[in-house]
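Okay, so here's the structure we're looking at.
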Amino acid sequence: MSTATLSIDLDAIAENWRALDRLTDAACQTAAVVKADAYGLGVGRVARALARAGARRFFVAVAEEGAAVREALGPGPQICVFSGHMAGDTEMIADLDLTPMLNSLDQLTRHLEALPGHAFGIQLDTGMNRLGMEAEEWSAVAEIVLPLNPVLLMSHLACADEPGHPMNARQLANFHALTDGTGVPRSLSATGGILLGPQYHFDLTRPGIGLYGGLPFAAAQPVVRLTLPVVQIRTLEPGETVGYGCSWTAEHPATIATVSGGYADGILRALSGRATLWAEDIACPIAGRVSMDLITVDVTHLPEPPRELDLICADQGIDALAEQAGTIAYEILTSLGPRYARRYGGASV
Ligand SMILES: *Cc1c(COP(=O)(O)O)cnc(C)c1O
């Protein structure tokens, strides 16, 4: 088999959820963000593992994503939609029992007209200027909305991964100004906000990346391992080149392993000439460019030709790999392509 193997440790995801849950007090509920197919790891298996760990509320980006979560979890757990109630979503919201986080007066009107009595939350903008009602919009409708018992008032922090950033305190103050005294459950924090401390926790937190082993949750257990099989090994004379553009030249006699996996699998082309693969704990540099389906790796220094090499492993986690590509772990995970054999591990499988 030449497809690479993406191993996903469901126990580690569950343990990361419990660890983030322990960082807030007992009255604060810890939800789970499973948008974008659970950050690329497979929402069905991941959502079930999180539900077994104790998660009762899940967040997706768009209503369409709610279908797979509802199918995995069955009736009961609340599935909230960040993008709110868009035109065309009404049937999905009703049939799948989704809870839209309404972002504008348009959405509020649409929701109340199409599905009166159906649960909803309100998303407020506290400075990020991405999603949510502005302060003026909210003050215009709060009196109408609050008696309808919204399930949540939420906002999102722009700079929570930088604890010293003044934007955090500014958004916190804005959130208080918009929501104090409403009596409605409130949520401000994703992974980064949980780590900022108790004043950011309110009634519910919404971790995503921390569940999947990424920064800023430095204490997270690693979740993902990516192992690429070696398709072919060859030896090069000094002066021979490797791959597209002849960008790597052998300076000494060299051994090159061609492994299965490329930018079509989310192994970003920006890793060309930079990234390292691993034979157990021995680093092996990429030789030349990442191509669509294959990567060439310098394995000259290995005692034996390898049968497989790891790109994501204990020696090189998702954030270390992201740094080599000039990106963040979120993008590494959500780029992982459909071609991998996904293997789910952990005792709870
Ligand atoms: C993606 C997202 C989250 C989760 O963020 P992480 O940084 O992955 O923990 C929470 N809330 C909103 C509104 C989001 O868009």
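Everything numeric in this text was worked out from a predicted model, so none of it was measured. Whatever order the structure lists them in is the order used to number ligands and atoms, beginning at 1.
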Open item on the list: So, using ring pair (Phe, Tyr, Trp, His ring centres under 6.0 Å) as the criterion, who are the partners of F58 when residues are at least two apart?
Closed with: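 For F58 there are no ring pair (Phe, Tyr, Trp, His ring centres under 6.0 Å) partners, ignoring immediate neighbours.
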Open item on the list: Between F175 and H156, is the ring centroid distance below 6.0 Å?
Closed with: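 Centroid distance F175-H156: not below 6.0 Å, so no.
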Task: Exercise: identify the closest heavy-atom pair between D11 and D9 - done: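 Shortest heavy-atom separation between D11 and D9 comes out as N-OD1, 3.0 Å.
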Open item on the list: What's the separation between atom CG in D125 and atom CH2 in W138, rounded to the nearest 0.5 Å?
Closed with: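 It is 14.0 Å, given to the nearest 0.5 Å.
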Open item on the list: For ligand 1, give me the residues whose heavy-atom distance to it is below 4.0 Å, by chain and number please.
Closed with: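 V33, K35, Y39, F82, R130, M154, H156, A190, T191, R206, P207, G208, I209, Y330.
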Task: Same cluster (ILVMFWY, side-chain, under 4.5 Å), L153 and F59 - done: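 The answer is no; the residues belong to distinct hydrophobic clusters.
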TODO: Classify the angle between the aromatic ring planes of H111 and H85 as parallel (below 30°), tilted (30 to 60°) or perpendicular (above 60°).
DONE: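 Rings of H111 and H85: perpendicular, as their planes differ by over 60°.
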